[in-house]
Amino acid sequence: MAWDFETEPEFQEKLDWADAFVRDEVEPLDLVFPGLAYHPLDDARRPIVDPLKQRVREQDLWAAHLGPELGGKGYGQLKLALLNEILGRSSWAPIVFGTQAPDTGNAEIIAHYGTDEQKRTYLQPLLDGEMFSCYSMTEPQGGSDPTMFETRAVQDGDEWVINGWKFFSSNARTASFLIVMAVTNPEVSPYKGMSMFIVPTDTPGVNIVRNIGLAGERSDEGMHALLHYEDCRVPAENLLGGEGQAFVIAQTRLGGGRIHHAMRTVAVCQKAIDLMCERALSRSTQGTKLADKQLVQAAIADSYAQLEQFRLLVLHTAWKIDRYRDYKRVRKDIAAVKVRTPQVQHDIVYRAMHIHGAIGVSNEMPFASMWFGVPIMAVVDGPTEVHQITVAREVLKGYKATDDLWPSEHLPKKQAAARARYAELLEHEVANL
Ligand SMILES: Cc1cc2nc3c(=O)[nH]c(=O)nc-3n(C[C@H](O)[C@H](O)[C@H](O)COP(=O)(O)OP(=O)(O)OC[C@H]3O[C@@H](n4cnc5c(N)ncnc54)[C@H](O)[C@@H]3O)c2cc1C
């Protein structure tokens with residue numbers, strides 16, 4: 001029997017260690033250094049954060065998803081999913097464990113498509129946690145539809161010259177390099193006419209016009225850059241993968257990124273359920289505990305069931321990624337996960353917040369950022385609708401139209417066919433009546 005829902009005891013021990021470590025040592029960083037997780041370490045933070053990273057390494061949990069050749073243990077996506085169910089509680093935890101977006105995805109594509117020189121220069125420091133990176137793909141005039149991208153890269157001798165605008169390039173202001181998607185051949189289909197480039201952030205012509213903040217952040221705290229690439233020259237060897245390969249690379253990158261967000265969403269929802277249950281057991285009104293009221297019980301039960309369903313979908317998808325090692329083959333599953341991610345977070349966080357009453361909507365509880373994570377999860381790495389289209393398209397591939405006016409399960413037709421099949425027997429029965 002191959003189905004197995006158990007975690008190996010040795011890895012469970014590591015998860016138990018990670019759970020206690022994140023709660024006791026890492027979650028406090030969110031409170032003392034809020035919003036600074038993606039900033040290079042300064043003299044104040046390094047003496048605190050470096051020893052924490054070292055403890056993660058000693059547990060063999062650093063960059064857990066990567067193979068040994070890249071400094072990880074090759075645990076794969078399923079074990080990363082189990083770990084991310086813990087790390088997603090804290091914005092600092094992915095940094096301390098070497099699994100933060102967008103660096104995981106960027107490392108993955110450099111490992112897969114990069115030259116030896118690119119790996120030496122960009123990948124190794126990224127894996128060591130000593131530099132940040134940025135993925136610069138979305139443009140102001142279109143994010144969901146990459147065929148609308150206009151940023152151009154033109155070859156000039158042994159250099160590429162990049163011109164154009166990019167929008168919402170996360171962490172550009174703290175990144176050492178950007179991975180930029182640009183049109184290199186407008187004569188062919190966009191699926192074959194775009195390429196990826198590694199662009200060091202200090203290259204002349206990389207202009208950060210604004211660091212856009214998310215709603216609720218102060219305007220000088222934004223991490224999502226509007227970038228103008230203006231006659232930005234990079235050597236020919238900064239092309240990542242082959243010319244025209246950007247779409248293939250983007251699919252590798254974004255597939256991983258989407259499932260990693262979902263894994264961390266399991267953690268956010270579990271934290272919301274933990275808080276919801278604690279409150280329900282602690283608070284009394286109109287003579288009984290909230291936990292004794294049936295409508296509150298319904299909220300708890302629905303949240304539990306919804307998270308279990310979602311978690312199994314995420315884990316099964318992670319298992320498929322490990323099993324098939326082919327993101328194209330698990331496209332439908334990843335897209336389905338992507339569609340469910342904001343919905344499950346929406347429903348559970350709302351219930352948890354609501355059951356807390358006024359304090360739930362205050363800035364004295366952690367619900368606000370969980371709540372605002374909902375519309376972010378619905379848009380980041382492509383909006384829900386685009387992924388619904390993917391799921392539907394992939395599901396429909398398993399079906400064909402009938403060549404009849406009536407559906408194949410139309411009962412009169414089926415009944416006639418069934419009667420014809422057993423005609424002899426039926427005649428015999430009628431004759432015996
Ligand atoms: C927090 C955050 C971080 C991000 N980080 C990065 C990053 O690091 N690098 C990067 O390149 N990009 C990044 N993005 C951008 C993100 O990938 C885009 O926002 C996303 O792809 C959607 O593009 P858009 O914003 O242009 O929305 P649009 O494409 O304008 O879509 C807007 C809305 O139109 C509707 N819609 C779109 N297409 C369809 C369709 N086919 N059918 C039906 N309805 C549709 C949906 O309701 C959708 O939400 C980030 C975004 C966020 C919110």
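When reading the values below, keep in mind they use all heavy atoms of this one structure, side chains included, and skip hydrogens, waters and symmetry mates. For ligands, and for the atoms within them, numbers begin at 1 and follow the listed sequence. Numbers here simply count residues along the sequence, with the first being 1.
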Novice: Considering S144, S133, A101 one by one, which has a heavy atom nearer to atom 27 (O) of ligand 1 than any of the others?
Specialist: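 Selected option, by shortest heavy-atom distance: S144.
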
Novice: For the pair S195 (side chain) and G244 (backbone), establish whether a donor and an acceptor sit closer than 3.5 Å, ignoring hydrogens and angles.
Specialist: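 Judged by distance alone, yes, a pair lies under 3.5 Å.
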
Novice: Looking at ligand 1, does G382 have a heavy atom less than 4.0 Å from it?
Specialist: yes

Novice: Any idea which of C134, G143, P383 brings a heavy atom closest to atom 26 (O) of ligand 1?
Specialist: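 Nearest heavy atom to atom 26 (O) of ligand 1 lies in G143.
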
Novice: Nearest heavy atom to atom 10 (C) of ligand 1 wins, so pick from N171, T138, I389.
Specialist: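 Shortest heavy-atom distance from atom 10 (C) of ligand 1: T138.
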
Novice: Please list, in number order, the atoms of ligand 1 under 4.0 Å from a heavy atom of V379.
Specialist: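 Contacts of ligand 1 toward V379, numbered from 1: 19 (O), 20 (C).
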
Novice: Got more than 12 heavy atoms from elsewhere within 6.0 Å of CD, E278?
Specialist: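 Not more than 12 within 6.0 Å, no.
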
Novice: Is the distance between the ring centroids of F367 and W371 less than 6.0 Å?
Specialist: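 No, the ring of F367 stays outside the 6.0 Å limit from the ring of W371, centre to centre.
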
Novice: For ligand 1, which atoms, with element, lie under 4.0 Å from some heavy atom of Y135?
Specialist: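 Taking each heavy atom of Y135 in turn, ligand 1 has 7 (C), 8 (O), 9 (N), 10 (C), 11 (O) under 4.0 Å.
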
Novice: Are any non-hydrogen protein atoms located under 4.0 Å from atom 12 (N) of ligand 1?
Specialist: yes

Novice: Checking contacts now, so for atom 32 (C) of ligand 1, which I'm interested in, is there any protein heavy atom under 4.0 Å?
Specialist: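 Given the 4.0 Å cut-off, atom 32 (C) of ligand 1 does not count as touching protein heavy atoms.
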
Novice: So, is D145 polar-close to ligand 1, with some N/O to N/O distance under 3.5 Å?
Specialist: no

Novice: Using a strict 4.0 Å cut-off to heavy atoms of S170, name the atoms of ligand 1 that fall inside it.
Specialist: 3 (C), 4 (C), 5 (N), 6 (C), 7 (C), 8 (O)

Novice: For the side chain of N238 and the backbone of F197, is there at least one donor-acceptor N/O pair under 3.5 Å apart?
Specialist: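 A pair under 3.5 Å: no.
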
Novice: Please identify each residue that fulfils side-chain hydrogen bond (donor to acceptor under 3.5 Å, both in side chains) with S133, with sequence neighbours left out.
Specialist: D103, N106

Novice: Mind checking what makes side-chain hydrogen bond (donor to acceptor under 3.5 Å, both in side chains) contact with D42, not counting sequence neighbours?
Specialist: R45

Novice: Check the pair E139 / R152 against salt bridge (charged side-chain N to carboxylate O under 4.0 Å, His left out), numbers first and verdict last.
Specialist: CA-CA 12 Å; E139 301 193 359; R152 281 280 272 132; over 6 Å; no

Novice: May I ask you to identify the nearest protein heavy atom to atom 39 (C) of ligand 1, giving residue, atom name and distance to one decimal place in Å?
Specialist: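 Among all protein heavy atoms, the one nearest atom 39 (C) of ligand 1 is V386 CG2, 4.1 Å.
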
Novice: Kindly indicate whether atom 23 (O) of ligand 1 is approached by any protein heavy atom to under 4.0 angstrom.
Specialist: yes

Novice: Is there at least one pair of N or O atoms, one from E385 and one from ligand 1, spaced under 3.5 Å apart?
Specialist: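 Yes, E385 has an N/O under 3.5 Å of an N/O on ligand 1.
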
Novice: Is any NZ, NE, NH1 or NH2 atom of the basic residue among D30 and R89 found under 4.0 Å from an Asp or Glu carboxylate oxygen of the other?
Specialist: no

Novice: Tell me whether the NZ or CZ atom of K166 lies within the 45° cone about the ring axis of Y229 and under 6.0 Å from its centre.
Specialist: no

Novice: Could you give me the CA-CA distance, side-chain angles and deciding distance for F177 and F132, then say whether ring pair (Phe, Tyr, Trp, His ring centres under 6.0 Å) is met?
Specialist: CA-CA 7 Å; F177 66 92; F132 292 109; over 10 Å; no

Novice: Within the structure, does at least one protein heavy atom fall under 4.0 Å of atom 51 (C) of ligand 1?
Specialist: yes

Novice: Heavy atoms only: which of F167, F149, F372, F168 is nearest to atom 14 (N) of ligand 1?
Specialist: F168

Novice: Against heavy atoms of I376, which atoms of ligand 1 measure under 4.0 Å?
Specialist: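 Counting atoms of ligand 1 from 1, those under 4.0 Å from I376 are 1 (C).
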
Novice: Check this for me, if you would: do E58 and R55 make a salt bridge, where the nitrogen-to-carboxylate-oxygen distance has to be below 4.0 angstrom?
Specialist: no

Novice: So if I count the atoms of ligand 1 from 1 in the order they appear, which ones are less than 4.0 Å from some heavy atom of D381?
Specialist: 17 (O)

